[in-house]
Amino acid sequence: MAHGSFRFTLLHTDAHCRARRSRFHTPHGAVELPTFMPVATLASVKGLQIDAIRATGTQMVLGNAYHLALRPGEKVVENLGGLHRFMGWHGPILTDSGGFQIFSLAQCTRITESHATFRSHIDGHELQVSPERAVEIQESLGSDIAMVLDHVVALPNESDVVREATERSVRWARRCRDAARREDQALFGIVQGGLDPELRQWCAEQLTELDMPGYAVGGLSVGEPPAEMYRILDATVPALPADRPRYLMGVGRPQDLLEAIRRGIDLFDCVMPTRNGRNALAFTDQGPLRLRNLQYQHDDRPLETTCPCPACRHSRAYLRHLFVSREMLGPILLSLHNVTYYQRLMTDARQAIVEDRFESFYARKMQGWQSVATTCAKQRGPA
RNA sequence: GGGGGGUUUCCCGAGCGGUCAAAGGGGUCAGACUGUAAAUCUGAUGGCAAUGCCUUCGCAGGUUCGAAUCCUGCACCCCCCA
């Protein structure tokens, strides 16, 4: 499927589940899918220098239109040569529209049909983001993939609230599409619909009519249990066109990624590897390790013996020391490890799909993550 | 030698008759984190057979129904005058 300078190639679908191996071409290079985008809200994957990001196996990063419009201002970025040049990342970039901030900054936000009004969390000034404005900001930034402005609400929520937000998201998506001008930027639609499968399907159909070069599933991992999210994916993904990339926004934990891949999702982003890394939590095949914990004080082992990242050249004891001492190297190393972990998981997933063994790959990973959860429960439980 | 100030739970430090196992901060321990207002936030932190009991505010006595808080003596620390 070609869409201007963008092309989506479906290479293989696993014989035993919906997992897909595909490729998406952008003006800044092709992206092998499924993949994970580290989050660079403010044109920075927190703590990670560009060479380090590249070394993790990252292909594409995510920036944020709302935050960058606020500071330094999208025109500043544009005049400095666009977001790629500004941040020094010359691979593909996807920007989020600010729809998520309608949810995450709800206390500072008012919604009308024409636009969202934000009270800046930085200095309190008022700014309006309409669908057209969200596109304008992202065109100034010059990302390869832009997202429509959607209306994200917390879940679970009253059905009226969810339906209204979903219907508005569809209307806003059309306005975004009509406003988009750049040939070298793909605008993705975002399916809303809360926890209602029929509303999700309706939304997917409406957006499919807009013939967008890619589709996202949004409004998940906003408070609902994981099982609900998987249920919604089961209902939503089949309603999306098979010849376009599918992006699950803001998700998630390693197990969520695999659960979504086997349901046909191709693309992810999440703050979890970087935020949790900064907060001393390391992802491993044995489950998450809380590096601040006393149990690692004398632990001479690396986080993972098979991991090639710089953090894994050190002992857990040293990493713990860095966090306990509040040394900035701790958050940097663990962010690096976690992003590396996510990318290795994606690389392995891609390989498993083309060999039609994604389900056994998934089962083995889940078992590993489970094992530590069980061990921890045992340690915490009464003797 | 004379005068003044001080000694509080792991540390710093508030408390100056009951509502005090004792504010606040630090440290320590544990937890949370899903399109980043997050290198942030939350909880625990004397002991125990624990909706209660026991021990604790330099040490030893005393006053009082009741003392970390008042009195006496002692120990140690700091400041000023000799």
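Everything numeric in this text was worked out from a predicted model, so none of it was measured. What you see below is based on every heavy atom in this structure, not just the backbone, and it leaves out hydrogens, waters and symmetry mates. By convention in this document, chain letters (A, B, ...) are assigned in the order of the sequence lines, proteins followed by strands, and residues within each chain are numbered from 1.
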How long is the line joining CZ of A/Phe283 and P of B/U34, in whole Å? 11 Å
Is there a Watson-Crick or G-U wobble partner for B/A39 with both distances under 3.5 Å, and which nucleotide is it? none
Who pairs with B/U63 - Watson-Crick or G-U, where each distance is under 3.5 Å: none
Let me know the distance between CD of A/Gln295 and P of B/U28, rounded to the nearest Å. 17 Å
Can you see if the side chain of A/Arg326 gets near the phosphate of B/G27 - specifically, an N or O under 4.0 Å from OP1 or OP2? yes
Rounded to whole angstrom units, what separation is found between the CE atom of A/Met328 and the P atom of B/U40? 13 Å
On the ring face of A/Phe8, is A/Arg244 found with NZ or CZ under 6.0 Å from the centre and within 45° of the axis? no
Between A/Gln101 and B/G35, does any side-chain N or O lie under 4.0 Å from OP1 or OP2? no
Polar side-chain contact A/Asp269-B/G35 base: donor and acceptor under 3.5 Å: no
Just how far, in rounded Å, is C1' of B/A37 from CG of A/Leu68? 14 Å
For residues A/Phe268 and A/Phe36, establish whether the separation of their ring centroids is below 6.0 Å. no
Using OP1 and OP2 only, check whether a side-chain N or O of A/Asn64 sits under 4.0 Å from B/G35. no
Compare side-chain N and O positions of A/Asn276 against OP1 and OP2 of B/A39 and report whether any pair is under 4.0 Å apart. no
A/Arg292 vs B/C29: side-chain N/O to OP1/OP2 distance below 4.0 Å: no
If B/G52 has a Watson-Crick or G-U wobble mate with both distances under 3.5 Å, name it; if not, just say none. B/C48
In whole angstroms, the gap separating P of B/U34 from CZ of A/Phe268 amounts to 17 Å
Out of A/Thr284, A/Leu303, A/Leu333, A/Thr340, which residue meets the side chain to side chain contact (heavy atoms under 4.5 Å, CB included) rule with A/Cys312? A/Leu303
Using a cut-off of less than 4.0 Å, is there contact between a side-chain N or O of A/Arg290 and OP1 or OP2 of B/G31? yes
Counting only Watson-Crick pairs (N1-N3 plus N6-O4 or O6-N4) and G-U wobbles (N1-O2, O6-N3), all under 3.5 Å, who is the partner of B/C33? none
To the nearest Å, give me how far apart CG (A/Asn279) and C1' (B/U36) are. 11 Å
Distance check, C1' atoms only: B/A39 and B/U45, in whole angstrom units. 24 Å
Report yes if at least one side-chain N or O of A/Ser221 is closer than 4.0 Å to OP1 or OP2 of B/U34; otherwise report no. no
How about A/Glu158: does its CD atom have over 12 heavy atoms from other parts shown lying under 6.0 Å from it? no
Choose from B/G35, B/U34, B/A37 the nucleotide whose nearest atom is closest to any side-chain atom of A/His121. B/A37
Indicate whether OP1 or OP2 belonging to B/U36 is found under 4.0 Å from a side-chain N or O atom of A/Thr274. no
Strictly by Watson-Crick or wobble contacts shorter than 3.5 Å, is anything paired with B/G1, and which nucleotide is it? B/C81
ILVMFWY cluster, A/Phe24 and A/Ile93 together (side-chain gap under 4.5 Å): no
Pairwise P distance, B/A14 and B/G5 [rounded to whole Å]: 16 Å
Name the pairing partner of B/G58, where a pair is Watson-Crick or G-U wobble with both distances under 3.5 Å, or state none. B/C74
Base, sugar-phosphate or nothing for A/Asp150? Non-hydrogen atoms, less than 4.0 Å. base
Find the partner of B/A14: check Watson-Crick (N1-N3 plus N6-O4 or O6-N4) and G-U wobble (N1-O2, O6-N3) distances, both under 3.5 Å, and reply none if neither fits. none
Please measure how far the C1' atom in B/U42 lies from the corresponding atom in B/A38, and state the result in whole Å. 13 Å
Separation of atom CG in A/Leu289 from atom C1' in B/A30, rounded to whole Å: 15 Å
Side chains of A/Gln138 and A/Asp96: any donor to acceptor distance under 3.5 Å? no
Any donor and acceptor pair, going by atom type alone, linking the side chain of A/Gln59 with main-chain N or O of A/Glu32 inside 3.5 Å? yes
Nearest-Å distance, CG (A/Leu294) to P (B/C29)? 6 Å
Give a yes/no on whether any side-chain N or O of A/Gln107 is located under 4.0 angstrom from OP1 or OP2 of B/A37. no
